[in-house]
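Each chain gets a letter, A, B and so on, in the order its sequence line appears, and its residues count up from 1.
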Amino acid sequence: MQGKNQTALCLCPTQNGYTDWVDLNEIANYASEKLQIKTIWFSNDLPLLNAEIIAEKIKQSNAVQIILAGDKPGFFKPLFSRAMRVVGLDPKNVKLVSFSEYGAVNRYHTGLAKALVACAFYNVPFDVAAKQPAKNVNPETLVIGGGIAGIQASLEIADGNQKVYLVERTGTIGGHMAMFDKTFPTLDCAACILTPKMVEIGQHPNIDLMTYCEVIDVSGEPGDYTVKIRQKARRVNLATCIGCGICSEKCPPNVPSEFDTGTGLRKSIYIPFPQAVPNKYLIDADSCTYVKNGKCGVCVKVCPVKDCINLDEKDHEVELKVGNIVVATGFQTFDAKKIERYGYGIYDNVVTSLEFERLVNAAGPTGGNITIRTTDKKGNKIFKGDSEVPKSYAIIHCIGSRDENHHKYCSRVCCMYSLKLAHLVKEKLPDAEVYEYYIDMRAFGKGYEEFYNRINSEGIHIIRGRTAKVLDKKGKLIVRSEDIEADKLIEQEVDMVILAVGLEPREDAKHIAEILGLSSDNEGWFKEYNYANDPVGTYNGGITIAGVCQGPKDIPDTVAQASAAAARVLQSIILGNVGAGLNTISPDVIIEKAKKLSTL
Amino acid sequence: MEFEPTIVSFLCNWCSYTGADLAGTSRMKYAHNVRVIRVMCSGRVEPTFVFKAFREGADGVLICGCHPGDCHYHEGNYKCLRRYHLIKKYLDQMGIEQDRLRLAWISASEGKQFAELADEMTETIKSLGPCKVKNVMETLT
């Protein structure tokens, strides 16, 4: 029989250099005061190669069981087992408690880590102690984010005959996919796949579409959440707007269009893009002359519908009661201005891949003509369909990804979309020269390698090597890089440089994580329950995640994950209950239960 | 009065119909002579559709599908292309000018191209004049 004083605890600090990790001192205090463990070691104080010394320490402490707790405790297990054998005890009495296995990865999770240690101490499996009775579930679901992931998840749930609220921050659903021209590797037109789905969302009787809205607060527990949503002032009545567009024609200000990533202009009263759902106008308060100066109101005068435009409308809040939440908030692209040597924002003809995507799109600002950037009378740097056409292009891979100074991870999509852009250039301008500079060509998916081989045979110069700098030489751009295969440094003169920017978590991802109580990893992507066998669940029970907000992925993977999230939601609706997630249970409750179940 | 032709167009649901829709929502102006019939795929357009359109008084027939390789059903547009050449030969034998039938690839983002195509087709048909097949058929029966 193991007594309380016969347990020794060894805490293993993180080896990954995280600054914000679980507070081990607090755990040591807790163990000595509450659990009355007398012997507490820290793994970095121990001579880790010498089992004899550790055996000596075990003998001195009179311990018969050892708990190894912390980051990757399994690393120390062989050593302690050997030491136990030296002392003459059963090596099976070395117990492992991995914090990261249950999502305790930063200092906010210290309570959870305490519960983990306590369960090991009381000899109760953590999963047994943490199991809570399932809660009744409200069958209505909230989907946050109207990109392809949100659209897919909403449609799957709504087709399963359940009510869905789809909340989108901008004036239209569609997200990033609506901006793309083609999808790789099939070269399908993105709009051909997306727009029928968007229309379906707009017309579905089970979907309540809330555009221009933001989630500001979530309270309650899994199965019964109360969600506060701020409906931003659209200033145009959704029910009565007929989408005639007269207001937009007469509206005075011209501002860069967010949908065209600043490559074109829009008015202050606008539809983000012609195929928007809902296809109704909205007013951007930041640029509207009336909102700024209190004078103008042209749109109200020309609008043929009575009382449709209300320039004095204010934001208001809506409250929803839902049972499950699907988070599909997506990503933003890396800001290429952060790497000054590539000249984005300095040289006009250095563009990001998303800007180029709008340039080649037939519905984009240039009508599908690739042209150089021009400055209009008001100083807006935009692209026009009738400007000069560049003849040579350089595409530089891995901007902001696989870079120690920015993001260490691979963004997964850049290699493939760069190849696609190269193909689109060749398709439109067969005489153009395209140079691709890559580090490694990551063509990992179904049909991707074949796509690479196909593009390779189209006469594109694919160069292996990192790019050092983009320079300006009398209006032309010089790309200075290495060519690993030819073993030399090269300089190439081109007309346009396309930067293949990586994906990164949205600026406000942290804020969203705080509202929902989600964990996020070091980079800021939302943390899934288990990377390998539960990539849609979270530690929060009724909240599931889908799409790029969980980690970079391409469109097929995003759609697959969204469908999986929907399956999880439908499962809980059919069962009528939802399991409580770890993050929603207080560690004290777990410890109390472990104490009760304990045989000590 | 100037001759206003009637052009029956068969648009595939996935690309061309959305493309025509884009032309509309982008407020592009194009010839009003084009009457749209939505089909799920350009491969759905049977030769009889075309012949019936002419018999009922159409002056021109336009078929639009996804770009090669883009078909939602993988090969519907290729099948349409094969049929198109056959129909053209047959039209000639029936005494209908080949230019009255046209096949074009329009993707969902090509609203502008659709508008241009509609204008161009209307011009062609205007220069050809009204299709006489309907009258001939009526006299014969």
Side-chain angles (χ1 to χ4, degrees), chain A residues 172 174 177-200 202 242-249 264 266 270-281 357-369 385 423-424 427-428 447 451 454, chain B residues 9-30 32 36-45 63-81 103-120:
Chain A
T172 174
M177 188 176 167
M179 299 179 181
F180 302 154
D181 185 40
K182 295 277 163 69
T183 58
F184 59 80
T186 49
L187 294 173
D188 281 333
C189 129
C192 300
I193 306 168
L194 185 67
T195 42
K197 276 186 197 282
M198 285 164 63
V199 173
E200 213 180 325
I242 52 170
C244 64
I246 299 174
C247 50
S248 190
E249 274 169 36
R266 64 160 171 82
Y270 69 109
I271 291 185
F273 69 112
Q275 285 156 313
V277 173
N279 207 336
K280 312 274 168 148
Y281 282 78
E357 200 84 50
R358 292 309 299 158
L359 277 190
V360 288
N361 192 312
T366 59
N369 299 329
H423 168 81
L424 291 176
E427 192 183 74
K428 298 211 174 208
F451 183 69
R454 173 183 162 189
Chain B
S9 59
F10 297 98
L11 305 188
C12 111
N13 176 53
W14 304 101
C15 297
S16 317
Y17 191 78
T18 334
D21 191 37
L22 177 65
T25 49
S26 319
R27 294 168 212 300
M28 288 168 189
K29 290 206 166 67
Y30 60 91
H32 61 274
V36 173
I37 296 173
R38 182 172 66 133
V39 287
M40 286 313 279
C41 176
S42 52
R44 175 71 183 89
V45 180
I63 307 169
C64 295
C66 305
H67 281 268
D70 278 9
C71 180
H72 197 80
Y73 309 103
H74 302 297
E75 51 201 17
N77 49 1
Y78 294 119
K79 287 183 175 155
C80 180
L81 182 65
L103 174 70
W105 310 132
I106 298 288
S107 86
S109 56
E110 293 178 335
K112 203 173 141 215
Q113 279 81 340
F114 179 77
E116 281 165 7
L117 176 73
D119 285 343
E120 211 180 295

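In this structure, the separation between SG on A:Cys192 and CD1 on B:Ile106 is 10.5 Å, given to the nearest 0.5 Å.
Ranked by heavy-atom pairs shorter than 4.5 Å toward chain A, the options B:Ala108, B:Cys15, B:Gly24 are led by B:Ala108.
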Distance-only check: which donor-acceptor pairs of chain B and chain A lie under 3.5 Å?
| from | atom 1 | to | atom 2 | distance (Å) |
| --- | --- | --- | --- | --- |
| B:Thr25 | OG1 | A:Pro274 | O | 3.2 |
| B:Arg27 | NH1 | A:Gly243 | O | 3.2 |
| B:Arg27 | NH1 | A:Cys244 | O | 3.0 |
| B:Arg27 | NH2 | A:Gly243 | O | 2.3 |
| B:Arg27 | NH2 | A:Tyr281 | OH | 3.4 |
| B:Ser109 | O | A:Ala363 | N | 3.4 |

